[in-house]
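The next block holds one structure in the form of structure tokens; read it before the comments.
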Number of protein chains: 2
Amino acid sequence: MSHDLDLIFAALSDPTRRAILEMLLEDDMAVTDVAEPFEMSLAAISKHLGILTRAGLIVQEKRGRVKWCKLDPSAIRASSVWMQGFGQFVELDLDGLERFLAQELVQD
Amino acid sequence: MSHDLDLIFAALSDPTRRAILEMLLEDDMAVTDVAEPFEMSLAAISKHLGILTRAGLIVQEKRGRVKWCKLDPSAIRASSVWMQGFGQFVELDLDGLERFLAQELVQD
DNA sequence: GCTTTGGTCAACCATTTGGTTGAATAACGA
DNA sequence: TCGTTATTCAACCAAATGGTTGACCAAAGC
């Protein structure tokens with residue numbers, strides 16, 4: 001529950017795990033399907049998913065023999081809040097954020 | 001120059017380094033002064049500062065025998081931009097961001 | 001029931017990480 | 001010039017990380 005920034009940032013520091021998060025942005029996925037595009041063992045992916053889960057970045061729910069993985073917004077929000085503590089940085093980023101929000105509106 | 005998210009998030013995953021960043025938010029500091037509140041060797045802090053520098057989170061500038069450390073916004077911005085890719089998350093965080101921005105206006 | 005499918009566990013390995021200490025370097029102050 | 005201050009370097013260490021493989025368990029499917 002309490003968002004551990006150590007775990008969150010450590011989880012985000014690995015490119016495989018960031019790629020997994022980006023995949024889950026598209027849709028919820030089963031473990032096997034998450035593993036498919038990567039050139040590493042299923043066990044390795046399973047470990048990565050465990051790290052993402054412990055960091056609170058995803059949740060895993062077992063239905064039948066399939067374990068579904070889906071994004072959990074709360075941890076990303078926690079780290080994002082920490083970053084917002086860097087007021088001057090957020091201020092400097094307003095341009096980018098504005099562009100982003102404009103783009104969001106188009107997509108709706 | 002190219003912001004390496006691996007390095008940035010790995011740098012942010014250590015509590016000592018996040019504390020250092022928060023200290024530098026107050027003011028630029030010399031290496032010895034950065035080390036003062038921590039119960040670890042100066043060499044260890046020097047390593048942490050190296051990691052923050054390589055991640056692009058701070059810049060170090062030597063004047064005389066003193067090396068000054070200051071925040072560098074660009075890397076935080078890079079990671080923040082990556083997070084913004086998670087559109088649904090940003091959307092969920094807009095309330096907090098609005099409060100933050102309102103607070104910023106008061107401070108000006 | 002038996003076989004396949006989905007996923008984890010355990011043991012292992014190489015590499016990286018975060019710390020230590022002691023020596024080295026470089027600039028300032030007297 | 002000499003000692004002090006600021007900082008890094010090098011060697012070392014224990015623990016964590018990211019991967020492997022093979023055995024294992026549980027749920028379907030035939």
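When reading the values below, keep in mind they use all heavy atoms of this one structure, side chains included, and skip hydrogens, waters and symmetry mates.
- The listed nucleotides are D:dT20, D:dT7, D:dG19; the one nearest the side chain of A:His48 is D:dG19.
- Residue pairs satisfying the salt bridge (charged side-chain N to carboxylate O under 4.0 Å, His left out) criterion with at least one member in residues 48-68 of chain B, sequence neighbours excluded, are listed as follows: B:Glu61-B:Arg63.
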Exercise answer: donor-acceptor pairs, residues 15-37 of chain B side-chain atoms, under 3.5 Å, sequence neighbours excluded:
unit_1, atom_1, unit_2, atom_2, d
B:Arg17, NE, B:Ala11, O, 2.8
B:Arg17, NH1, B:His48, ND1, 3.1
B:Arg17, NH2, B:Ala10, O, 3.1
B:Arg18, NH1, A:Asp6, OD1, 3.2
B:Arg18, NH1, B:Leu12, O, 2.8
B:Arg18, NH2, A:Asp6, OD1, 2.6
B:Glu22, OE2, A:Trp82, NE1, 2.8

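- The hydrophobic cluster of A:Leu7 has no other members, since no ILVMFWY side-chain heavy atom comes under 4.5 Å of it.
- A close approach under 4.0 Å does not occur between any side-chain nitrogen or oxygen of B:Ser41 and OP1 or OP2 of C:dG19.
- Residues forming a side chain to side chain donor-acceptor pair (under 3.5 Å) with B:Ser41 (at least two apart in sequence, or on another chain): none.
- Contact check of residues 5-22 of chain A against DNA chain D (heavy atom, cut-off under 4.0 Å) returns A:Asp14, A:Arg17.
- Clustering of Ile, Leu, Val, Met, Phe, Trp and Tyr side chains at separations under 4.5 Å places B:Val66 together with B:Trp68.
- The distance between atom CZ of A:Arg54 and atom P of C:dT8, rounded to the nearest whole Å, is 11 Å.
- Considering only side-chain N and O atoms, A:Lys47 lies nowhere under 4.0 angstrom from the phosphate OP1 or OP2 of C:dT8.
- Residue pairs meeting the ring pair (Phe, Tyr, Trp, His ring centres under 6.0 Å) criterion with at least one partner in residues 11-42 of chain A, sequence neighbours excluded, do not occur; the list is empty.
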Return the polar atom pairs (N/O with N/O) between nucleotides 22-29 of chain D and the protein under 3.5 Å, or none.
unit_1, atom_1, unit_2, atom_2, d
D:dA27, N3, A:Arg65, NH1, 3.2

